[in-house]
Amino acid sequence: MVLGAVLLLLLLGGAGPASAHAVLRSSDPADGTVLKAAPASVTLTFSESVGLLDDSFRLFGPDGRRVHTGEARHAPGHSDTAEVAFPAGLGQGTFTVAWRVVSADSHPVSGAFTFSVGKPSPTSAAVDTGPDENPATGALWDLARYAAYGAAALLIGTAAFVLLCRPPDPGPLRRPLAAGWWTLLASTVVLLALRAPYETGAGPESALDPAALARTLTDRPGLVLLARLALLAPVAAFLVRLSRRGPSRATPATGAALALALALTWAASEHASAGIQVPSAMASSVLHLLAMAVWLGGLTALLTTLQRATADPDPESSSGDDPRLTATVARFSRVAFLAVTVLVATGVYQSWRGLGSWTALTDTAYGRLLLAKLAAVVLLLAAAGGSRRLTARLVTAAGRAGTAATGSEAVQERTPEPVGGPSYPTARTTAPQTVSTSAPLSGPPAGAAFGTSSPRPSPAPGGCLRALRRSVLAEVAVAVAVLVVSTVLSGTLPGRAAAEAAGTAPAAGIPGASVTTIPFDTGTPGGRGTVQITLEPGRVGQNAVEAVVFGPDGGLSTVPELRLSLSLPAQKIGPIDARLTDKGGYWGTDSLSLPIPGAWTAKATVRVSELDQASGSRTVRILR
């Protein structure tokens, strides 16, 4: 199970870099503008407060070479605005600004834009703005985050299980407690060391830079990780007390305070720390994490306890006869029900806060991940329902067994037996209490002498325990998937922020081509495909157009006719016919003129035969 979880974590971790929460709202100069004179500074305004790096701004001249600037700083009184001085005497032409800052929820965000002084450069120089994220650093960072989440669930959940459910033998739970503590310690150290290269997009080797580590220890994400590391010392002392002296000597209030403090270190560095309703979101995030840990980590502790209880190879011995174990299972059932209630309540609030709209469920990566998590939670609740039914059967069976044992002992106490063996009833015996409950060595049972029928046997507690162990194992397997998706979700751009980003004019884009893919389907065999439209440079004024048709198999396709038109519904402009001509393998033109910027609608009509044609349209954003 651990190997499968690690492989799933690595698979999801390689899907792409973590998306940030901050969105660039505006820049001064604006992207694509032409200024009469050089600006005094370059200013960026974001949707939330951001942290600045030593290399937050990189300015490239018209020749593509980097121009050294001063240190980036926040605008006075505005932590969401960053600015850097623009050096004088750089001349005319097109300049590129590449930026990288740290969002309030600890994720780095980067982009680039251009502006021109005097007049645009005749040609656009190739500019290397650097990678957004180093693949090795990103993979190690994600793996450490997954390990930290899993360790917190195991540590908090197992400790809560020992304190609240009081298992008859807490000895086997010492290993999960130790494993959770050491894993959380190691993952926190790795996160602290990788924080600087993760922010700057550098390789893992830069984690050894003392200056980078010193900077990490002064910013908010680094301080949060440092606080988590410091909390592990009193947590270790509490676990030693819990393991050696038992739950009766360990104070539940102390454990709750430590768990609350640990949960705060996640809430202070994730989505809850930025956006709307931050105080409510922080409280909800803490409760959500604690409830998740109590349920999922408690499941692991319960599975360990049941495994130990049902491991006796002697079929005659039934561990389910231990009333302490039955009471432990019943207590966890009540604790898990309360944890699930808290999870549902806080999950609904966090989903509303993160999505912002119903359409974000299907239109954003955050929404699709949330749907996957909900599906996994439904499976988990179904498995939990089966476990609760088995728990009720176990308590009922144990109660019947205890009642039967008590009654038998009472009868035996009232029934004297001779040394030579049990006495048999005679014709003079009229009271059934004189009959021994012990069966004779031969002959029919004692009850049969009175013509009574045997009672229907109750389910054995040991059998219920084994069935419950299998059900809890299924819960743990699904819980691993829920934990994985939850961790990925915490590093994904929320739907509300994605909608805000989509409504903001794009500010990350070095001069180049605008590429749009338009699907079409004539409804006939082989009449499906796509048209790839490339506009160069994708800005106001004259544009070159290249259109390539791909068939249903993804290969290049030759069609007898292709028409392209563009219109701007908001300004009631168009349609403007691009007048494409066959260039031998693709369709194109060099004379498409678009007068103003905006969200234009590109409509492509493809004729695949003399009788069959189809049209499709997509939105194309034309910059100033």
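The figures that follow rest on heavy atoms only: side chains count, while hydrogens, waters and symmetry mates do not.
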To the closest 0.5 Å, what do you measure between [atom1] ([X]) and [atom2] ([Y])?
| X | Y | atom1 | atom2 | value |
| --- | --- | --- | --- | --- |
| L287 | L289 | CG | CG | 10.0 Å |
| T516 | Q532 | OG1 | CD | 9.0 Å |
| E536 | L592 | CD | CG | 12.5 Å |
| R58 | T69 | CZ | OG1 | 10.5 Å |
| M292 | T346 | CE | OG1 | 10.5 Å |
| E83 | S41 | CD | OG | 5.0 Å |

Side chain of [X], backbone of [Y]: donor and acceptor closer than 3.5 Å?
| X | Y | value |
| --- | --- | --- |
| T619 | A599 | no |
| T200 | A196 | yes |
| S567 | P569 | no |

Within the 4.5 Å heavy-atom criterion, are [X] and [Y] side-chain neighbours or not?
| X | Y | answer |
| --- | --- | --- |
| I533 | V620 | no |
| L52 | H74 | yes |
| V67 | F60 | no |
| T601 | L568 | no |
| S565 | I576 | no |
| F46 | V101 | yes |
| V50 | T81 | no |
| K603 | P575 | no |

- prompt: Centres of the W99 and F57 rings: under 6.0 Å?
  reply: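 Not under 6.0 Å, so no.
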task: Classify the ring geometry between F86 and F95 as parallel (under 30°), tilted (30 to 60°) or perpendicular (over 60°).
output: perpendicular
How close do [X] and [Y] get, heavy atom to heavy atom, and via which atoms?
| X | Y | value |
| --- | --- | --- |
| S116 | T94 | OG-OG1, 2.9 Å |
| S615 | T605 | OG-OG1, 2.9 Å |
| G203 | P197 | O-CB, 3.4 Å |
| R73 | A85 | NH1-N, 4.4 Å |
| L564 | D577 | O-OD1, 3.2 Å |
| A144 | L191 | CB-CD2, 3.6 Å |

- request: Begin with the C-alpha distance, continue with both residues' side-chain angles, and end with the deciding distance and a verdict on side chain to side chain contact (heavy atoms under 4.5 Å, CB included) for V549 and L562.
  value: CA-CA 9 Å; V549 181; L562 174 62; 4.1 Å; yes
task: Take T581 and T589, measure what side chain to side chain contact (heavy atoms under 4.5 Å, CB included) needs, and give me the verdict at the end.
output: CA-CA 7 Å; T581 58; T589 181; 5.7 Å; no
task: Could you check L535 against I622 for side chain to side chain contact (heavy atoms under 4.5 Å, CB included), going step by step and ending with a plain yes or no?
output: CA-CA 9 Å; L535 296 178; I622 302 300; 3.9 Å; yes
query: If you draw a 6.0 Å radius around CZ in R579, do more than 12 non-hydrogen atoms from other residues or ligands fall strictly inside?
result: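 No, because the 6.0 Å sphere around CZ of R579 holds 12 heavy atoms or fewer from other groups.
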- request: Tell me, with the steps shown, if T114 and D31 meet side chain to side chain contact (heavy atoms under 4.5 Å, CB included).
  value: CA-CA 5 Å; T114 64; D31 183 22; 3.8 Å; yes
